[in-house]
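Reviewing the structure listed below.
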Amino acid sequence: MKEVVEKLMGKVIVSCQAYEDTPLYGAENMKTMARSVLMGGAEAIRACWPQDIKAIRSLGDFPIIGLNKVLDPNREDFDYVYITPTFESAKSVIEAGCDVLALDCTLRYRSSEELYNLLKEIREAYPDIAIMADCETLEDAINAESTGMVDILSTTLALLHRPQEYPDRDLVRAIKANCTLPVNAEGSIWELADLQSVVDAGADMVCIGSAITRPHLITKRFIKYNEKIRN
């Protein structure tokens with residue numbers, strides 16, 4: 001197990017990301033957000049895009065999980081491979097300073113062979129980088145582990161096609177039962193009870209994003225609930 005993976009075991013990772021159409025978009029804003037969550041006790045950050053990773057890296061020596069979302073401006077859905085889809089997109093965030101590279105390791109729109117070749121190219125160019133496989137299904141996780149080139153299996157994309165307000169505990173449990181690599185639980189972790197549930201399911205580490213670092217979504221959730229209880 002790589003040293004950086006050992007550092008993540010048993011920890012909460014906080015995802016500091018903001019899209020271009022939100023007020024917090026920008027490297028300096030994400031640097032401030034990262035500083036805030038580090039002050040709160042977070043020991044690792046998940047961040048997107050080279051400029052944000054570089055800015056957050058300047059805060060100190062702590063694990064950064066880096067990804068590079070390559071978004072299609074002509075599509076409003078996320079039903080395509082957009083999380084670090086190519087070698088070039090991986091290269092740019094690795095060289096910006098991340099310790100762990102996160103990428104889409106689903107089998108949705110490319111074959112197992114294509115994914116293997118991408119992982120091989122990354123591994124040959126950056127043998128020391130740890131790789132987090134963002135998965136949607138148990139099949140994705142089993143396939144990613146079988147390549148022998150990833151270090152962490154993550155449920156990042158589990159709710160892509162079936163959004164819900166609670167984490168996919170069953171997938172965490174299934175991956176733990178069928179794979180040997182550490183498992184990161186991610187997605188719809190809004191409450192302390194959600195954190196408890198994925199830890200109980202066997203998660204080795206947990207990544208929390210929207211519930212901490214996306215104020216407009218936190219606000220929207222309270223507004224919707226207020227409307228519900230008053231109608």
Side-chain angles (χ1 to χ4, degrees), residues 2 4-5 8 11-17 19 44-49 52-53 63-72 77-87 89-94 98-112 114-123 126 129-164 167-172 174-176 178-179 181-189 198 201 203-210 213:
K2 288 184 170 61
V4 68
V5 178
L8 295 173
K11 304 300 184 182
V12 169
I13 302 160
V14 178
S15 179
C16 296
Q17 299 181 45
Y19 290 103
I45 303 291
R46 179 171 163 120
C48 187
W49 300 303
D52 288 12
I53 293 166
I64 297 177
I65 296 93
L67 60 147
N68 197 342
K69 291 182 178 177
V70 180
L71 304 174
D72 184 343
D77 63 70
F78 290 104
D79 206 16
Y80 57 97
V81 177
Y82 62 93
I83 298 178
T84 324
T86 64
F87 175 77
S89 63
K91 177 182 178 181
S92 63
V93 291
I94 293 171
C98 71
D99 307 283
V100 180
L101 173 71
L103 72 154
D104 185 324
C105 283
T106 69
L107 298 174
R108 292 176 297 151
Y109 301 112
R110 58 187 172 195
S111 67
S112 178
E114 289 173 315
L115 176 59
Y116 180 89
N117 289 338
L118 173 60
L119 290 169
K120 185 172 183 286
E121 187 176 11
I122 294 168
R123 181 61 71 211
Y126 302 98
I129 197 77
I131 295 178
M132 177 180 285
D134 287 351
C135 302
E136 181 181 10
T137 67
L138 175 60
E139 179 188 10
D140 295 333
I142 291 172
N143 180 72
E145 181 170 89
S146 73
T147 67
M149 290 183 286
V150 305
D151 302 274
I152 303 167
L153 303 171
S154 179
T155 64
T156 311
L157 296 167
L159 306 181
L160 184 64
H161 292 110
R162 43 190 176 81
Q164 58 193 31
D168 194 332
R169 301 177 293 270
D170 291 340
L171 181 58
V172 174
I175 295 174
K176 287 298 293 183
N178 291 276
C179 301
L181 289 173
V183 176
N184 173 54
E186 182 171 354
S188 287
I189 299 170
V198 294
D204 298 290
M205 61 196 76
V206 179
C207 184
I208 303 173
S210 296
T213 59

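Counting from 1, the numbers follow the sequence of the chain as shown. Model, not experiment: these values are computed from the prediction.
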To check you understand the geometry: which heavy-atom pair defines the closest contact between [X] and [Y], and what is its length?
| X | Y | value |
| --- | --- | --- |
| D134 | A102 | OD2-CB, 4.0 Å |
| N184 | S154 | ND2-OG, 2.9 Å |
| I129 | C98 | CD1-O, 3.5 Å |
| P167 | I189 | CB-CG1, 4.0 Å |
| F78 | L71 | CE2-CD2, 3.8 Å |
| T213 | S15 | OG1-O, 2.6 Å |

Start with the C-alpha gap between D151 and R123, add the side-chain angles, then the distance that decides, and say whether salt bridge (Lys or Arg N to Asp or Glu O under 4.0 Å) holds. CA-CA 11 Å; D151 302 274; R123 181 61 71 211; 3.2 Å; yes
Answer whether the closest heavy-atom distance between the side chains of L8 and P182 falls below 4.5 Å.
no
[X] (side chain) donor-acceptor with [Y] (main chain) under 3.5 angstrom:
| X | Y | answer |
| --- | --- | --- |
| Y80 | D72 | yes |
| T84 | N68 | yes |
| T156 | C135 | no |
| R46 | G209 | no |

In short, salt bridge (charged side-chain N to carboxylate O under 4.0 Å, His left out) pairs touching residues 136-147 with sequence neighbours left out are none
Is any NZ, NE, NH1 or NH2 atom of the basic residue among K2 and D99 found under 4.0 Å from an Asp or Glu carboxylate oxygen of the other? no
Exactly one of I45, L67, D52 clears side-chain contact (heavy atoms from CB on, under 4.5 Å) with Q17, and that residue is L67
Only one of T137, I83, L157 passes side-chain contact (heavy atoms from CB on, under 4.5 Å) with T106, and that residue is L157
Atom pair [atom1] ([X]) and [atom2] ([Y]), whose distance is rounded to the nearest 0.5 Å:
| X | Y | atom1 | atom2 | answer |
| --- | --- | --- | --- | --- |
| C179 | L138 | SG | CG | 6.0 Å |
| I122 | F87 | CD1 | CZ | 7.0 Å |
| I65 | I53 | CD1 | CD1 | 10.0 Å |
| S89 | L101 | OG | CG | 8.0 Å |

Open item on the list: Students often mix this up, so state it plainly: with edges at 30° and 60°, are the rings of W49 and Y19 parallel, tilted or perpendicular?
Closed with: perpendicular
> Can D79 and Y109 be counted as having a side-chain donor-acceptor contact under 3.5 angstrom?
Replying inline: yes
Under 3.5 Å, is there a donor-acceptor pair between the D168 and T155 side chains?
-> no
Those residues at least two apart in sequence (or on a different chain) that pass salt bridge (charged side-chain N to carboxylate O under 4.0 Å, His left out) with R169 are none
